[in-house]
There are 2 protein chains.
Amino acid sequence: MAAAIDATPTTLPEDLFLDVDRTSAIPLYFQIATRIEQAIVDGRLAPGARLENEVTLGQRLNMSRPTIRRAMQELVNKGLLVRRRGIGTQVVHGPVTRKVELTSLYDDLDRGGQRPATNLLVHEIVPADDVVADRLSIAAGEPVLHVRRLRLSDGVPLAVMENYLPEDYTDLTADALASRGLYQLLRGRGTQIRVAQQRIGARAATAEESRLLEIKRSGPVLTMDRTAYDTFGKAVEYGHHCYRPDNYSFEITLVNN
Amino acid sequence: MAAAIDATPTTLPEDLFLDVDRTSAIPLYFQIATRIEQAIVDGRLAPGARLENEVTLGQRLNMSRPTIRRAMQELVNKGLLVRRRGIGTQVVHGPVTRKVELTSLYDDLDRGGQRPATNLLVHEIVPADDVVADRLSIAAGEPVLHVRRLRLSDGVPLAVMENYLPEDYTDLTADALASRGLYQLLRGRGTQIRVAQQRIGARAATAEESRLLEIKRSGPVLTMDRTAYDTFGKAVEYGHHCYRPDNYSFEITLVNN
DNA sequence: CAGTGGTCTAGACCACCGT
DNA sequence: CGGTGGTCTAGACCACTGG
């Protein structure tokens, strides 16, 4: 008979897979994963609910088991599903949150319904010093674009951002940088960020930072150093950012595989 | 003939796959991934080096393409390899760093060759208040273990850590908590952490924190709030940690898939 | 054009879990 | 024991890249 493991014998996700398009350029596993994810965040699949097993779901959808399996694996990697051998697949208990993604502060604010604005403080082309050259994996002295920006959200200063970009990007204009996020501009040029290394820390604000961020002298600031690489593995950006800690923090979801 | 894309025509990882054990309980894809990863961190595979393609490597090792592919995918997810359709697989340019893993401060220090120590400041069983109950997904008033610890590294105070654990773990002894890391103790009880949500921020230290951490009054501290869940999706631990920013920071590698 | 990774299929055997 | 996920095989077709 059906095993009664968790007060829910065997939940079968109702057929909301009706609109899967086998001719679409979107991979099947991705279409499946997206629909299950939607059902979870919508609450149609409650925390702890057991999913149909991989084999029978594949049969119902006329898909092979590896395809179904990959769809579920995507959600396991996002922390939405939990699988246990001999038991089955469940929606994770506890709060359902977004996975960490590689986005920019500008995107985050924009999506959050806030109105981001940028004051461009510095915009110059300079030879790379040793630190910048090291981070960007270029030779010291090569020209880099140096920008320093103050990011505001609904008029409140939020972050001082200092960035260095290699020669390929030295033609980014001041206008563009003042009106859009850096990553937005990079995407617009066809640059896709694939890997980024960040270091998050804290320290006392410098005199200039406290003035720009309108916080107490030597008050605490949250700092982030980042180097971002494109799909070619080439360093695209090195940045040192400095955030007002009362208005910003980093959220991270870690998943053990 | 062979395409010359990056000054390295087609690098074939020398046969350091001689010791793969097909009878081992360790999955083949994992054995392959581990050996390639080792070659990368050892420097035997330089940044930017092109790897042999999936098909021929599989033939050489008498393994199917999906198995080889999975091994490489593991390393792509860790940010060590980059794959591009029509091009091939390369070791990522730039510095090679470990992926973020779900470890504890104690483990990090221990692995780093430092001598971690713990002062147990508070060890009590109390009814959960509203905040703790919410984070642990239990009812307010249920008994929880509350511990407050000062972590030192080579005698230098590094972090003040406040943690709450649900009823199942209220029998953790003071001795155990003073001599080992929390996650180490949980692992020893068979509890495996699967998902954790963290929020990293900064603020001024409280009077007690500055005394314990031996830093300036109201000096900046790095803070981390975390809720960890086991493989069942059950909340296992809620913690609020407070770090000396001159001695600690968070390193994170993000990967876009 | 030939080479590469991206996706998908249709099976197979095994390890682990609960009854 | 039956059911589940974990792994592996041996193919196939496609999309994209470079020359």
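Numbers restart at 1 for each chain; the letters A, B, ... are given by sequence-line order, proteins then strands. Every heavy atom of this structure was used, including side-chain atoms; hydrogens, water molecules and symmetry mates were not.
Here A/Tyr164 pairs with A/His146 under the ring-ring contact (aromatic ring centres under 6.0 Å, His included) rule; sequence neighbours left out. The salt bridge (Lys or Arg N to Asp or Glu O under 4.0 Å) check on A/Asp171 picks up A/Arg189, with sequence neighbours excluded.
Across the protein-nucleic acid pair, B/Leu75 atom CG and C/dG5 atom P stand 14 Å apart, rounded to whole Å. Look at CG on A/Asn53: it is 17 Å from P on C/dG18, rounded to the nearest Å. We find that CD1 of A/Ile87 is positioned 13 Å from C1' of D/dG2, with the value rounded to whole Å. To the nearest angstrom, P of D/dG5 lies 11 Å from CG of A/Leu81. The CD-P distance, from B/Gln90 to C/dT4, rounds to 13 Å in whole Å.
Counting heavy atoms from C-beta on, the side chains of B/Ile125 and B/Val144 never come closer than 4.5 Å.
Between the side chains of A/Thr191 and A/Tyr169, at least one donor N or O sits under 3.5 Å from an acceptor N or O. The closest side-chain donor-acceptor pair between A/Thr23 and A/Asp21 falls under 3.5 angstrom.
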Take B/Glu54 and B/Arg83, measure what salt bridge (charged side-chain N to carboxylate O under 4.0 Å, His left out) needs, and give me the verdict at the end.
-> CA-CA 11 Å; B/Glu54 301 171 344; B/Arg83 289 196 287 197; 2.8 Å; yes
Scoring nucleotides 6-13 of chain C by protein non-hydrogen atoms under 4.0 Å (B base, S sugar-phosphate only, - none) yields BBSBB-B-
